[in-house]
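Start at 1 and go down the list; that is how both ligands and their atoms are numbered.
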Amino acid sequence: MRHVVIVGAGQAGSLLALGLLAEGYRVTMVSERTAEEIKAGRILSNQCVFEPALRHERALGLNNWDDVVPPVVGIAFDAGMPGAQDPFISWASPLDVPAQSVDQRLKMSFWLTEFVARGGELHTHKATPEDLAGYTREADLVLVAAGRGPQFDGVFPRDDNRSPYTEPQRGISLHLVKHKTDFYQGVTFGLVPGVGEFFVLPVLTADGPRMGLYFSAIPGGPMDVFTGVTDHNQHLELCQEQLRRFFPWSTAAAEGAESGGPLEFLTGRIAPVVRHGVGTLPTGEHVLAMGDTAITNDPIAGQGANNAVHCARIYQQLILAHGDRPFDADFMQTCFDRYWDYAQHSTRFNNDLLAPPPVHILETLQAAQEHPEVAHRFAHLFNDPTDYVPWLADEETARTYLREVAARVA
Ligand SMILES: Cc1cc2nc3c(=O)[nH]c(=O)nc-3n(C[C@H](O)[C@H](O)[C@H](O)COP(=O)(O)OP(=O)(O)OC[C@H]3O[C@@H](n4cnc5c(N)ncnc54)[C@H](O)[C@@H]3O)c2cc1C
């Protein structure tokens, strides 16, 4: 029986672990935390997972929350100038199939418990880069799915050609508040040039439905105010203040809301980075990166968890198709290349959203207000970011499309 070791029990690692277990592989997962610790910990993400990724979770029978999670029904977009009371662009488009945000603490703790119940071997400790050589001696294949951060930098170096940013491009802040039933039950995406973005969406937590208030502030800009806040009530007050000041049309998302609790908020900064996905250890053995360990995006386009699912799906298909052949460096490179074939699109979409929007993109967002077809297409970039480059990366193509839409409805 082939033996696979996966370091990290998050969205990427757990999904691959459970997928391979179901196919008869021996799988060991190394998790720095127990299921109980994950469940009782601080929030991790806004984790909006769109339909193509949900399809893979459903195919593995890991969609336990379909009947209880509030469906994320669409995407609403508003853009306004700093100080304006009303947005100058405002539209909403339904998603063909709703997305979902199931609190990762709930999801990952359940999947970890399921992994053990289904016969997976769990080692609970924080793996170091030095531990990896030991795992390669025990297993046929070792994957590192330990999330973002510098801990495995020495194993998976940064790929400068694919990483346009060297610094974080946003100060990020998330707060889960007790449910407001009267707010739009999709993702609301607000943009104020020079200030940043605000997103709000319904989230299912272990304590019931919440709204996730997510602020994405341009570093050093007027909304970059969350660093160092440690009290949840003070954090929520700051959230409410930023909404009144920069996104007054969205204040209902937080006004009168109650904080989910002391662990229901986070602040931070994430430097987007694409790494070389195949690591060579000092022993000469190779290991393969997954999910955020391979490609870390700023959360602006809500693609990281989706990427993690697609990574698990792609790697699983390739592992199964490889049969009994050795999982050598060439095989690992093929896996990472196939993942990049997909993730280059979400990464480009994501990285472009961090830059000031060019005029043709603002024109497109403006046209979406008039033409539901344009709004629908833009909303579905979150489902399928492979449509981004063929459509919006090129100014002329974007304008031609708008002319065609206008001619069709004239
Ligand atoms: C505020 C915020 C909002 C976000 N919103 C969205 C969104 O709406 N949609 C979306 O798609 N993405 C979103 N993301 C990104 C998404 O959460 C991540 O991209 C995704 O969780 C990555 O999955 P992963 O499995 O690669 O890593 P993780 O989910 O980080 O999992 C890594 C796991 O490895 C464990 N681990 C770490 N180091 C070790 C070690 N040394 N040994 C053992 N275990 C270890 C960790 O404890 C963790 O359980 C958001 C992120 C943030 C921070």
Side-chain angles (χ1 to χ4, degrees), residues 5-17 28-35 37-39 41-50 52-54 72 75 99-105 107-109 111-112 115 122-132 135 143-152 155 168 170-176 187 189 197 199-203 212-216 226 264-270 272 275 289-312 315 339 343 346-347 349-350 382-383 385:
V5 170
I6 301 173
V7 175
Q11 177 77 55
S14 292
L15 214 48
L16 181 63
T28 303
M29 245 199 318
V30 184
S31 172
E32 61 178 346
R33 292 190 293 167
T34 63
E37 285 166 346
I38 293 170
K39 200 168 180 183
R42 185 172 290 282
I43 54 167
L44 299 163
S45 177
N46 230 357
Q47 70 266 312
C48 189
V49 177
F50 294 89
L54 289 175
V72 175
I75 306 284
Q100 296 183 355
S101 172
V102 176
D103 187 334
Q104 280 191 343
R105 294 170 297 184
K107 202 169 186 177
M108 299 318 149
S109 57
W111 285 355
L112 194 50
F115 172 73
L122 176 64
H123 294 187
T124 309
H125 73 99
K126 188 176 173 74
T128 65
E130 293 69 40
D131 290 335
L132 298 178
Y135 302 146
L143 298 112
V144 183
R148 63 180 183 274
Q151 53 179 332
F152 291 99
V155 181
R170 293 291 187 272
I172 65 173
S173 208
L174 173 64
H175 203 124
L176 298 189
V187 177
F189 170 4
E197 299 80 21
F199 295 83
V200 54
L201 80 166
V203 177
L213 312 175
Y214 177 79
F215 294 84
S216 161
F226 293 98
E264 308 305 293
F265 77 102
L266 62 76
T267 63
R269 286 170 201 261
I270 296 173
R275 299 178 188 283
M290 291 190 76
D292 271 11
T293 302
I295 299 168
T296 304
N297 285 319
D298 179 282
I300 193 165
Q303 294 295 308
N306 291 274
N307 278 349
V309 177
H310 290 295
C311 184
Y315 284 10
Y339 174 40
S346 51
T347 301
F349 176 41
N350 215 89
F382 293 89
N383 275 38

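- Looking at Gly13, Ser346, Ser173, Gly147, it is Gly147 that brings a heavy atom closest to atom 30 (O) of ligand 1.
- Looking at Leu44 against ligand 1, only its backbone comes within 4.0 Å, counting heavy atoms.
- Taken from CD1 in Ile43 to NE2 in His175, the straight-line distance is 7.5 Å, to the nearest 0.5 Å.
- Atoms of ligand 1 lying under 4.0 Å from any heavy atom of Val30, numbered from 1 in the order shown and given with element: 43 (C), 44 (N).
- Aromatic ring pairs are classed by plane angle as parallel below 30°, tilted from 30° to 60° and perpendicular above 60°; the pair Phe189 and Phe199 is parallel.
- Note: an N/O pair closer than 3.5 Å links Gln104 and ligand 1 by distance alone.
- When side chains are defined from C-beta on, Gln151 counts as touching Lys126, because their heavy atoms get closer than 4.5 Å.
- Here Gln47 has backbone heavy atoms under 4.0 Å from ligand 1, and that is the only part of it that gets that close.
- The ligand atoms of ligand 1 that sit less than 4.0 angstrom from a heavy atom of Tyr214 are 1 (C).
- With hydrogens and angles disregarded, no donor-acceptor distance shorter than 3.5 Å links the side chain of Asn307 to the backbone of Asp292.
- The backbone N or O of Ala289 lies less than 3.5 Å from no partner atom in the side chain of Thr293, so there is not a single donor-acceptor pair.
- In this structure, the protein non-hydrogen atom closest to atom 14 (N) of ligand 1 is Ser45 OG, 3.3 Å.
- Under 4.0 angstrom from ligand 1, the non-hydrogen atoms of His125 all belong to its backbone.
- Considering backbone and side-chain atoms alike, Phe152 places every N or O at 3.5 Å or more from each N or O of ligand 1.
- Residue-ligand proximity, Ala308 to ligand 1, at heavy-atom distances under 4.0 Å covers atoms 23 (O).
- Ala305 N, 3.6 Å is the protein heavy atom nearest to atom 16 (C) of ligand 1.
- Distance CZ/Phe115 to CE/Met108: 14.5 Å, rounded to 0.5 Å.
- Taking any N or O of Arg148, backbone or side chain, none lies under 3.5 Å from an N or O belonging to ligand 1.
- In this structure, Phe215 and Arg170 have side chains that are not in contact, with every pair of non-hydrogen atoms separated by 4.5 Å or more.
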Could you go through Arg42 and Phe265, starting from their C-alpha distance and side-chain angles, then the distance that decides it, and tell me whether this counts as side chain to side chain contact (heavy atoms under 4.5 Å, CB included)? CA-CA 7 Å; Arg42 185 172 290 282; Phe265 77 102; 3.6 Å; yes

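- Smallest separation of non-hydrogen atoms from Arg33 and Ser31: O-OG, 2.5 Å.
- Close approach to Gln11 involves these atoms of ligand 1, each under 4.0 Å from a residue heavy atom: 23 (O), 25 (O), 29 (O).
- For Ala12, a nitrogen or oxygen atom sits less than 3.5 Å from a nitrogen or oxygen atom of ligand 1, counting backbone and side chain alike.
- Scanning all protein heavy atoms for the shortest distance to atom 40 (C) of ligand 1 gives Ala127 N, 3.6 Å.
- Taking atom 8 (O) of ligand 1 as the reference point, the nearest protein heavy-atom neighbour is Cys48 N, 2.9 Å.
- Of all protein heavy atoms, the one lying nearest to atom 37 (C) of ligand 1 is Ala146 O, 3.1 Å.
- Between the side chain of Gln11 and the backbone N or O of Ala308, no donor-acceptor pair lies under 3.5 Å.
- At the shortest separation from atom 33 (C) of ligand 1 among protein heavy atoms lies Gly10 N, 3.7 Å.
- Close approach to Asn306 involves these atoms of ligand 1, each under 4.0 Å from a residue heavy atom: 10 (C), 11 (O).
- Atoms of ligand 1 found under 4.0 Å from any heavy atom of Gly291, numbered from 1 in the order shown, are 26 (O).
- Contacts between Ala145 and ligand 1 below 4.0 angstrom, taking non-hydrogen atoms only, involve the backbone exclusively.
- Between the CD1 atom of Ile172 and the CD1 atom of Ile270 there is a distance of 3.5 Å, given to the nearest 0.5 Å.
- Considering backbone and side-chain N/O atoms, Thr293 never comes within less than 3.5 Å of an N/O atom of ligand 1.
- Within ligand 1, the atoms closer than 4.0 Å to a non-hydrogen atom of Ala9 are 33 (C), 34 (O), 49 (O), numbered from 1 in the order shown.
- Of the protein's non-hydrogen atoms, the one nearest atom 34 (O) of ligand 1 is Gly8 CA, 3.3 Å.
- With contacts defined as side-chain heavy-atom distances shorter than 4.5 Å, the pair Val187/Cys48 qualifies.
- To the nearest 0.5 Å, atoms CG (Leu44) and NZ (Lys107) are separated by 12.0 Å.
- Each of the following atoms of ligand 1 lies closer than 4.0 Å to a heavy atom of Gly302: 7 (C), 8 (O), 9 (N), 10 (C), 11 (O).
- Looking from atom 18 (C) of ligand 1 to the surrounding protein, the closest heavy atom is Asp292 OD2, 3.4 Å.
- Expressed to the nearest 0.5 Å, how far NE2 of His123 lies from CE of Met29 amounts to 11.5 Å.
- To the nearest 0.5 Å, atoms CZ (Arg105) and CD (Gln47) are separated by 8.5 Å.
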